[in-house]
Amino acid sequence: MKPTAQTAPKPRNFFQDVHEVVRLIPAGRVSTYGTIAHYLGARHGARTVGYAMMAAHTADQYVPAHRVVNRLGHLTGRLHFATPFAMQEALEAEGVRVEEDRVVEFARLFWDPGVELA
DNA sequence: TCGATGACATTGC
DNA sequence: AGCAATGCCATCG
């Protein structure tokens, strides 16, 4: 099974799982780091999920990181996009209203993988 | 190869 | 009730 997975070509990293879950987020909806972490087991700490978003830039597939915000609905990672407005514009383009770097009606647009995918 | 960093969340006092 | 510190995985230099 795993005598020495040192030469593993593609170990199922936690990041890969996060990227997949984020990809499942429908347009016009938003999710949070803690929720995704909890959906994956909540044993990694919410932080790791946020790092996965940054690593999304290195993912083979496109990851709608603009649909992922912190627990307060704040666009924390907007500064990590191509432009600090790319995230807000992307959300508004999908019908999500953003004011003061915060998602309006965030609680209503909230998308829980453990519930919606149930 | 080793050390430090990095898009949050939760608990404790 | 509010403030502070810690935990976590992976990638970068």
Side-chain angles (χ1 to χ4, degrees):
Chain A
M1 312 333 193
K2 56 166 210 290
T4 37
Q6 252 183 349
T7 55
K10 245 173 91 108
R12 251 161 242 151
N13 294 351
F14 180 70
F15 279 34
Q16 206 76 42
D17 276 352
V18 176
H19 294 164
E20 187 172 355
V21 175
V22 175
R23 266 188 251 146
L24 295 174
I25 302 176
R29 290 275 161 132
V30 290
S31 189
T32 72
Y33 306 96
T35 302
I36 295 170
H38 199 269
Y39 174 69
L40 295 176
R43 45 191 155 218
H44 312 281
R47 243 204 205 162
T48 316
V49 178
Y51 305 157
M53 301 273 99
M54 178 193 168
H57 161 69
T58 70
D60 293 327
Q61 292 278 325
Y62 170 70
V63 180
H66 61 270
R67 293 181 194 153
V68 183
V69 295
N70 68 350
R71 199 184 177 281
L72 304 174
H74 237 258
L75 280 56
T76 49
R78 78 175 187 181
L79 299 174
H80 283 259
F81 279 79
T83 60
F85 293 99
M87 188 173 188
Q88 180 170 346
E89 288 188 15
L91 287 171
E92 289 184 335
E94 292 179 352
V96 179
R97 255 175 264 192
V98 179
E99 287 192 17
E100 302 203 345
D101 304 335
R102 188 183 62 178
V103 177
V104 182
E105 299 288 310
F106 164 71
R108 199 167 66 156
L109 299 173
F110 184 77
W111 184 81
D112 192 329
V115 175
E116 304 289 336
L117 297 179

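Just so we're clear, the structure is a prediction, and the values are computed from it rather than from any experiment. Per chain, numbering begins at 1; letters A, B, ... match sequence-line order.
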Kindly point out which of [options] is positioned nearest to the side chain of [X]?
{"X": "A:Asn13", "options": "C:dC9, B:dC8, C:dA10", "answer": "C:dA10"}
{"X": "A:Arg47", "options": "B:dG6, C:dG7, B:dA9", "answer": "C:dG7"}
{"X": "A:Ala46", "options": "B:dC8, C:dT11, C:dC9", "answer": "B:dC8"}

(message) I'd like to check the ring-ring contact (aromatic ring centres under 6.0 Å, His included) partners of A:Phe15; sequence neighbours left out, ordered by chain and number.
(response) none

(request) Kindly write out the residues that satisfy ring-ring contact (aromatic ring centres under 6.0 Å, His included) with A:Tyr39, not counting sequence neighbours, or none if the list is empty. (result) none

Between [atom2] of [N] and [atom1] of [X], the distance in whole Å:
{"X": "A:His19", "N": "C:dT11", "atom1": "NE2", "atom2": "C1'", "result": "11 Å"}
{"X": "A:Met54", "N": "C:dC12", "atom1": "CE", "atom2": "P", "result": "8 Å"}
{"X": "A:Leu40", "N": "B:dC8", "atom1": "CG", "atom2": "C1'", "result": "14 Å"}
{"X": "A:Tyr33", "N": "B:dG6", "atom1": "OH", "atom2": "C1'", "result": "11 Å"}
{"X": "A:Arg78", "N": "B:dG6", "atom1": "CZ", "atom2": "C1'", "result": "18 Å"}
{"X": "A:Phe14", "N": "B:dC8", "atom1": "CZ", "atom2": "C1'", "result": "12 Å"}
{"X": "A:His38", "N": "B:dT11", "atom1": "NE2", "atom2": "P", "result": "10 Å"}
{"X": "A:Leu72", "N": "B:dC8", "atom1": "CG", "atom2": "P", "result": "10 Å"}

(request) Sort out for me which residue in A:Leu40, A:Leu24, A:Thr35, A:Ile25 forms a side-chain contact (heavy atoms from CB on, under 4.5 Å) with A:Pro113. (result) A:Thr35

(message) Which is more 5' along DNA chain B, the nucleotide nearest A:Tyr51 or the one nearest A:Asn70? Just name the residue.
(response) A:Tyr51

(request) Could you tell me whether A:Ala65 contacts a base, only the sugar-phosphate backbone, or nothing, with contacts defined as non-hydrogen atoms closer than 4.0 Å? (result) base

(message) Can you tell me if A:Arg23 has over 12 outside heavy atoms packed within less than 6.0 Å of its CZ?
(response) yes

